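We count ligands from 1, going down the list as the structure has it; atoms in each ligand are counted the same way. Values in this document were obtained by computation on a predicted structure and should not be read as measured data.
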Amino acid sequence: MKIGTIGAGDFAQAFAKRALETGHKVKLSNSRGPESLRQIVNRLGPGAMAATKEEAAACEIVFLAVPWDNVPETLASLPTWNNQILIDGTNPFHGKAGTFKPADVGNFSTSQLVAALAPGARVVKALNNLTVPNLEADPFVSGARRVAFISADDDGAKKRVEVLLKAFGYSVVDLGNLREGGLIQQAGGPLAGRDFFERAESYK
Ligand SMILES: NC(=O)c1ccc[n+]([C@@H]2O[C@H](COP(=O)([O-])OP(=O)(O)OC[C@H]3O[C@@H](n4cnc5c(N)ncnc54)[C@H](OP(=O)(O)O)[C@@H]3O)[C@@H](O)[C@H]2O)c1
């Protein structure tokens, strides 16, 4: 499968490594265009491609990994969504690493806000609780699998992402819809920044 990334920074590259290792092709994009991504795709190796945002967003599954402050302008700059699955990996912080301040998103989960800004996309919240080193690391550690949480309003999209993340090697835990599950897993929620493992005998 071809998977697109909107954003090609640390988090998107870590996601791309997992996807490439699982046999997918990945079209990475950023705000500056494919030429600026040559080094990154060369480093990622075969299967990684530098793309425009439009090309990345046209993939069946698209991973959103841009700073929170850039989410509205990024989503506004994309063509109309046509049922692609949009995995929301963002966390609602203002600023860059080291200067983080939590963002106020009112009475929404952050992924509900993402979904409102991307009509026609099937949004699944996933992977935002993992750090870059944890996302890059082997999900299988000492007889246990790292847990990946997912939430979505669209059950079909959620199932597709569950299958993808299980193939990456994770034990996947479904937290429900974008509202309830999103609030649990997003930054500020009880699972934010937590890193769980499930022992082998209880794999599903
Ligand atoms: N780093 C982590 O450990 C981690 C963990 C969990 C979740 N996250 C979340 O993942 C997101 C990205 O984090 P990061 O650490 O990867 O940040 P980063 O290294 O600063 O990368 C941000 C990426 O977003 C791109 N971007 C910004 N505005 C854009 C636009 N309008 N259109 C297309 N691309 C745009 C940037 O491209 P240009 O340089 O061309 O603008 C860059 O490739 C954040 O929401 C963060 O909270 C990060």
Practice problem: Using a strict cut-off of 4.0 Å, indicate which atoms of ligand 1 neighbour a heavy atom of R32. | Solution: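 The list of qualifying atoms is 38 (P), 39 (O), 40 (O).
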
Practice problem: For K53, take its heavy atoms, then give the atoms of ligand 1 lying under 4.0 Å from any of them. | Solution: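 Taking each heavy atom of K53 in turn, ligand 1 has 32 (N), 33 (C) under 4.0 Å.
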
Heteroatom proximity flag, [X] to ligand 1, N/O under 3.5 Å:
X   : result
V66 : yes
S29 : no
G9  : yes
F11 : yes
F93 : no
I6  : no
E73 : yes
N70 : yes

Quiz item: Does ligand 1 have any atom that is closer than 4.0 Å to a heavy atom of L135?
Solution: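 Heavy atoms of L135 never come under 4.0 Å of ligand 1.
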
Quiz prompt | Close approach, P67 and ligand 1, non-hydrogen under 4.0 angstrom | solution =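 Within the 4.0 Å threshold, so yes.
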
Exercise. Walk me through it: do E60 and R160 pass the test side chain to side chain contact (heavy atoms under 4.5 Å, CB included)?
Key: CA-CA 10 Å; E60 194 182 340; R160 291 291 308 279; 2.7 Å; yes

Hey, is the main chain of [Y] close enough, under 3.5 Å, to the side chain of [X] for a donor-acceptor pair?
X    : Y    : result
R146 : N134 : yes
R18  : E136 : yes
Q84  : N82  : yes

Quiz item: ligand 1 versus N128, non-hydrogen atoms closer than 4.0 Å: side chain, backbone, both, neither?
Solution: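 Contact part for N128 vs ligand 1: backbone (N, CA, C, O).
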
Practice problem: Answer side chain, backbone, both or neither: which part of N129 comes under 4.0 Å from ligand 1, heavy atoms only. | Solution: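 Under 4.0 Å from ligand 1, N129 contributes no heavy atoms.
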
Quiz item: If you measure from the Lys or Arg side-chain nitrogens to the Asp or Glu carboxylate oxygens, is any gap between E162 and K166 under 4.0 Å?
Solution: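 Salt bridge: yes.
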
